[in-house]
Structure formats: C-alpha cells, structure tokens
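Below is one structure; the comments refer to it alone.
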Amino acid sequence: MLTLFNTLTGRQEVFEPIEPNKVRMYVCGVTVYDYCHIGHARSALVFDVLRRHLESCGYAVTFVKNFTDVDDKIIKRANEQGVSCDAVTAKYIQAYHEDMGRLGIRAATEEPKATEHIVDIIQLTERLVAKGLAYCVDGDVYFEVPKYPEYGRLSKRRLEDLQAGARVDVDERKRHPMDFALWKSSKPGEPAWESPWGPGRPGWHIECSAMSIRHLGETFDIHGGGMDLIFPHHENEIAQSCGATGKDFARYWVHNGFVQVNQEKMSKSLGNFFTIREIFEKSEWPGEIMGEILRYFLLSTHYHGPLDFSDQALKEAKNALNGFYDLFGRLAEPGGDATPDQSLSQGIDRCRTAFKAAMDDDLNTPVAIASLQGLRSDANKLLGEGLSSEGRRQVREAFRSLGHNLGLFQLERWDFNVRVEPASAHLTLTTFSPTTRMEERLTDLQIENKLAERIEAKKRKDFKRADAIREELRTLGITIEDKPDGTSRWKR
RNA sequence: GGCGCCGUACCCAAGUGGUAAGGGAGCAGUCUGCAAAACUGCGAUGCAGCGGUUCGAACCCGCUCGGCGCCUCCA
C-alpha cells in the first residue's frame with residue numbers, strides 16, 4: 001500500500017487513485033531557455049521513479065510533463081542570440097531529451113508544449129473572466145486572488161501575510177497586489193496570438209492548468225514539481241483550475257527538495273550550478289556509467305530532503321556501485337549444476353519485501369537501496385560457498401528487476417576504477433579532469449594478451465614479471481584479480 | 001516582518017514514542033606467492049544544546065544556538 005507525503009494536507013497519506021488501477025499524473029517540466037542542471041535532473045528523476053513504482057504496483061500510469069516554451073526568459077535569450085524563440089525552444093527541448101535520456105529518465109506519456117495549447121489557455125481564461133474571477137486591463141488579463149477564498153491552502157499562507165512581505169513593485173492597474181497575469185499583451189516583436197483581449201501570450205501559471213485539464217481531465221491524481229513551485233506557481237494553478245471548474249484539481253501534491261552545493265541552493269545568481277551535460281562531459285567515466293552514478297547519488301537521499309552535490313558524494317556513489325557490479329561480474333561466471341539453495345530464494349524474497357515496503361513508504365529510496373545492499377551481502381556469502389549457475393542467474397535477475405524500479409543495475413558491463421588523480425578531487429565547477437583518456441585505453445584484446453602473459457609468468461613462478469605486468473596495467477586503470485583456480489579476471 | 005525546513009558516527013544516510021538500518025572511508029583478522037575482491041570483527045552509552053511530558057524520547061512540547069529555503073523568475 002503506497003503512501004505519499006501530500007503537501008496539500010501536510011501529511012503522509014495512503015494513495016488511492018480516482019479510477020481503480022489507473023493513475024493520472026502531471027509534473028511541471030522546465031522552461032526551455034537553457035541547459036538543465038542537476039536540480040532539474042533530481043526532479044525529473046524523482047517523478048520518473050514514482051512513475052516506475054506506480055507501474056510496478058500494477059497501475060496504468062498516464063504521465064504528463066510539460067515544456068514551457070513561451071516566456072520572458074525565452075524571449076530575452078532569443079534576442080540575445082539573434083534567433084527566433086522557436087529556435088531557442090527547439091534547441092533546449094532536444095537538449096532536455098538528450099540529458100535526461102543519459103540519466104535513464106523515460107519520456108513521459110505526453111510532453112505538451114504551452115504554445116500548442118493556446119486555444120485551451122484562452123478558453124480557460126474566458127471561463128474565469130465569465131465567472132468574474134478574472135478581469136481585463138489594457139489587453140492584460142489578471143486573476144483576482146481575493147475572489148478565491150481558498151487561496152494559500154497549498155502553501156499554508158494567508159493573503160495578509162503575503163502582502164506584508166511583498167518586495168516587488170506592484171502594478172497599479174491590478175486590483176490586488178497578489179493578482180497574477182493569465183494573459184499578457186505582447187509588445188512588438190514578441191510572440192503573439194490573437195485573443196478576445198487583443199494580441200498577446202499566456203502568463204506562466206495558466207498553461208499548466210490548461211494542459212493538465214486537457215490531457216488528464218479536470219480532476220486527476222498526482223501533481224508534482226520542485227519545492228520552489230509550491231508558491232506561487234502551484235497555488236495559482238489551484239486557484240485558476242478550481243476557480244474555473246468548481247471541482248477538485250489534483251488530489252496529491254508531491255514536491256521534491258533541492259539539490260544544494262555547500263549547503264546552499266544551486267542558483268544562477270550564486271553561480272554554483274552544474275548542468276547535466278557539463279557533468280557528463282567532465283566526467284572521467286563513460287557516459288553510461290556516469291548516468292548510473294548520478295542516478296544512484298540522486299536516489300541515495302529521500303526525495304523530500306535537501307541533497308548536497310559534491311565530487312566526494314559522486315565518488316561515494318561510484319564506490320558503492322562498484323560493489324554491486326563487482327558482484328554481477330562474478331555472478332556472470334559459470335557455477336555448479338546444483339539446485340539453488342533454499343537460503344537463496346529466502347534472501348531474494350526478503351529483499352523484494354523490504355524493497356517494496358521502502359518504496360511504498362513515500363518512495364523511501366535510501367531504504368530501498370539498503371535492501372539491495374542486503375541482498376548483495378547475502379549473494380556474496382552464497383558465492384563464497386559455491387553458487388550454482390542457476391542460482392547466479394536468479395540473483396542477477398532479482399537485481400535487474402528490482403533495480404529497474406530505480407533505473408539501476410541494467411548495464412551488462414561496468415568498466416570502473418578508471419583512475420582519478422587526487423588533484424581533481426575538488427569539483428569546483430571546472431574540474432572533473434579525466435586522468436585516463438579514452439584514446440589511451442587498451443582494447444580488451446590487448447588486456448587479454450597481457451593477462452595471458454602474466455598467467456604464464458605465474459606458472460613459472462616468475463612473480464617479479466607477474467607483478468610488473470599487474471603494475472603496468474594498474475597505471476592504465478586496469479585492476480587484476482587472481483582467482484583461486486589460477487586464472488584471473490580484470491576490470492577497469 | 002510572515003511562512004516553512006534542517007541539525008544523527010570521519011563522510012553520506014534511514015529511523016517520527018520502546019531502547020540507534022544501510023553504505024562509503026578507516027583499522028584488524030581470514031584467504032592470497034603478493035595483491036584485489038569477498039567474508040568476519042571493531043566503530044555513536046548517544047542523535048546541536050538546555051529544560052519539560054512519559055514507565056520509556058533522536059522521535060512529543062518549550063526555549064536557545066547553528067544552517068537553509070520561500071514570500072520575486074526558479075526543479
């Protein structure tokens with residue numbers, strides 16, 4: 001039984017979908033005017049994992065994640081670069097898919113764009129005007145916040161408190177300082193669509209209301225996004241949607257915590273943010289592995305809390321992952337013919353049960369990972385006692401199927417232990433220097449040949465030569481492990 | 001000024017009333033020609049501090065200290 005922390009009620013609640021066996025979920029995506037940073041990655045990953053878990057619980061999940069492709073920042077960026085807004089948004093939407101794809105984040109069921117829903121947005125705005133909840137001034141349309149008495153319910157704020165803290169110059173044409181734009185008249189050169197109020201473009205909040213209603217209906221199950229969206233964005237979405245439909249909007253509101261650097265929120269103004277592609281580009285590990293490391297790192301903390309990003313944290317994630325793939329490597333080697341031990345199936349069952357319980361408990365991924373570590377430990381012990389081929393297959397399969405819920409353990413091969421120089425251990429925005437360049441790497445065949453030579457040397461008891469070969473490979477980032485039967489295995 | 005979050009061992013991190021999961025790093029041992037990996041053992045008498053409630057608190061209440069976020073675009 002899945003429970004989720006619901007921001008709306010401020011407590012963890014049992015999840016019950018509106019329609020049995022079906023879940024409709026909307027998550028606020030990104031404004032496409034720049035490359036995504038690791039904070040975007042965390043949010044995308046959290047909801048990717050939520051979706052995977054819902055599916056593993058047997059729900060048919062309709063997952064909608066939008067792109068905001070009309071916005072002040074996009075216009076600014078287009079002007080700076082002397083290109084059209086379309087060019088800007090197309091570029092960063094593609095980059096989004098590339099970056100998230102490298103993290104193993106699956107595409108949503110629907111990924112609507114604001115510009116494709118102008119009609120829906122205008123119609124929703126008209127409904128609000130007709131109901132007297134919105135008004136038009138000089139071609140702009142504003143939502144009149146005091147007309148919606150529930151305003152502040154999600155963010156637990158009172159209208160009076162908000163006014164006291166207002167630090168922004170208030171547009172005098174607005175009836176109330178907190179009123180927000182549904183529709184903005186366009187200046188010359190800006191993207192514009194015809195509307196009952198003249199040429200203009202949508203405000204930020206209205207698009208999510210329009211798109212979620214279009215794709216999921218007026219009331220749906222889960223609405224998610226980063227913590228910073230609670231106010232004002234989600235608060236405004238609720239006001240618009242409920243105001244227009246008179247019905248409940250989303251039933252469960254799920255928000256993920258921030259990625260921080262040195263205990264501070266990553267932000268452009270502080271200059272302490274890392275884009276996803278920069279992390280991949282500067283990584284000393286191959287892309288597939290870096291993706292899994294990042295994923296493991298991002299899931300090693302509960303989604304609701306803050307998460308500090310650092311070079312060391314990444315390295316710890318990588319070390320932890322090494323242990324798993326080390327095991328998988330051994331599991332891939334042939335074992336005996338015996339029927340798998342009973343303790344094996346008990347170990348796997350124990351892990352499955354613990355894993356499910358952790359995920360059901362508000363997506364407690366750190367505990368879910370701990371359950372996998374427990375199975376790793378069990379499997380290593382069984383391996384020491386001589387696990388059969390069938391047993392090995394079963395263990396690997398358990399890791400693969402459970403790991404699938406987190407997007408982990410799907411790789412066939414894991415070239416790890418690429419050497420890292422201590423000097424590059426500080427991730428100061430520009431470091432991440434690879435020690436072993438790809439072109440310097442030995443091919444598998446070259447390594448096998450070296451290994452064969454070393455085994456010969458060992459047979460001759462020429463340990464000096466054997467050690468020299470091992471040292472030679474070690475400097476190239478290859479680690480050799482001798483097995484009891486006289487043969488060796490290697491890894492990067 | 002208002003609203004809210006956080007503070008658990010060297011590091012990361014679970015735990016929301018019943019006596020501190022897990023991982024990483026470290027140390028010791030087993031194994032090994034030597035290693036590596038694996039396995040075994042060691043590691044918070046205490047959960048920022050001080051009070052209070054309770055048979056019992058990291059968990060509840062109060063105060064203090066420290067850090068952070070939101071109230072403006074923001075995952």
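Note that this is a predicted model, so its numbers are computed, not measured. Every chain is numbered from 1 and lettered A, B, ... according to where its sequence line falls, protein lines coming before strand lines.
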[X] has a side chain; which of [options] sits nearest to it?
X	options	result
A/Val367	B/rA21, B/rA75, B/rC39	B/rA21
A/Ala370	B/rA21, B/rA75, B/rA37	B/rA21
A/Thr301	B/rA75, B/rA36, B/rA13	B/rA13
A/Asn319	B/rG24, B/rC68, B/rU40	B/rG24
A/Arg157	B/rG15, B/rC71, B/rA75	B/rC71
A/Phe258	B/rU40, B/rA37, B/rA75	B/rA75

Looking at the base of [N], is there any donor atom on it, or on the side chain of [X], that sits under 3.5 Å from an acceptor on the other one?
X	N	value
A/Glu316	B/rG23	yes
A/Asp467	B/rG33	yes
A/Arg470	B/rC34	yes

Contacts of A/Ala320 and A/Asp482 projected onto RNA chain B by closest heavy atom; the upstream (5') one is A/Ala320
Of A/Asp361 and A/His233, the one whose nearest nucleotide on RNA chain B sits closer to the 5' end is A/Asp361
Just to confirm, is there a sub-4.0 Å distance from OP1 or OP2 of [N] to any side-chain nitrogen or oxygen of [X]?
X	N	value
A/Lys156	B/rG2	no
A/Lys65	B/rA75	no
A/Asn364	B/rA21	no
A/Arg454	B/rG33	no
A/Ser300	B/rC12	no
A/Asn256	B/rA75	no

Test the [X]-[Y] pair against the cation-pi criterion, namely NZ or CZ under 6.0 angstrom from the six-membered ring centroid and within 45° of the ring axis.
X	Y	value
A/Arg396	A/Phe328	yes
A/Arg175	A/Tyr142	no
A/Arg11	A/Phe5	no

Is A/Arg295 paired with A/Glu292 through a side-chain N to carboxylate O contact shorter than 4.0 Å? no
Between [M] and [N], how far apart are the [atom1] atoms? Round to whole Å, please.
N	M	atom1	result
B/rU32	B/rC39	C1'	14 Å
B/rC27	B/rU19	P	33 Å
B/rA9	B/rA21	P	15 Å
B/rA28	B/rG69	P	42 Å
B/rG1	B/rA58	C1'	33 Å
B/rC68	B/rA36	P	42 Å

Write down the distance between [atom1] ([X]) and [atom2] ([N]), rounded to a whole number of angstrom.
X	N	atom1	atom2	answer
A/Glu472	B/rA35	CD	C1'	17 Å
A/Met178	B/rC71	CE	C1'	8 Å
A/Glu235	B/rC3	CD	C1'	12 Å
A/Lys491	B/rA38	NZ	P	7 Å
A/Leu387	B/rA38	CG	C1'	14 Å
A/Asp485	B/rU32	CG	C1'	13 Å
A/Ile478	B/rA37	CD1	P	16 Å
A/Asn380	B/rG23	CG	P	11 Å

Run through A/Asn6, A/Asn236, A/Thr9, A/Ile238 and flag the one making a side-chain contact (heavy atoms from CB on, under 4.5 Å) with A/Leu154.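 Of the listed options, the one satisfying the test is A/Ile238.
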Are the aromatic rings of A/His234 and A/His205 close, with centres under 6.0 Å apart? no
Centroid separation under 6.0 Å, is that true for the rings of A/Phe67 and A/His97?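 Ring-ring flag for A/His97/A/Phe67: true, centres closer than 6.0 Å.
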Of all heavy-atom pairs between A/Arg392 and A/Glu333, which one has the smallest distance, and what is that distance?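 Answer, listing the atom of A/Arg392 first, then A/Glu333: NH1-O, 3.0 Å.
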Determine which pairs satisfy salt bridge (charged side-chain N to carboxylate O under 4.0 Å, His left out) with at least one residue from residues 97-108 of chain A, sequence neighbours left out, and list them in order.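 Only A/Glu55-A/Arg106, A/Glu98-A/Arg277, A/Asp99-A/Arg277 qualify under salt bridge (charged side-chain N to carboxylate O under 4.0 Å, His left out).
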How is the base pairing of RNA chain B summarised as a dot-bracket string, given the Watson-Crick and G-U wobble criteria with both distances under 3.5 Å, [ ] for crossing and | for another strand? ((((((((.[[[..)..(...]]].(((((.......))))).....[[[[[..)....]]]]])))))))....
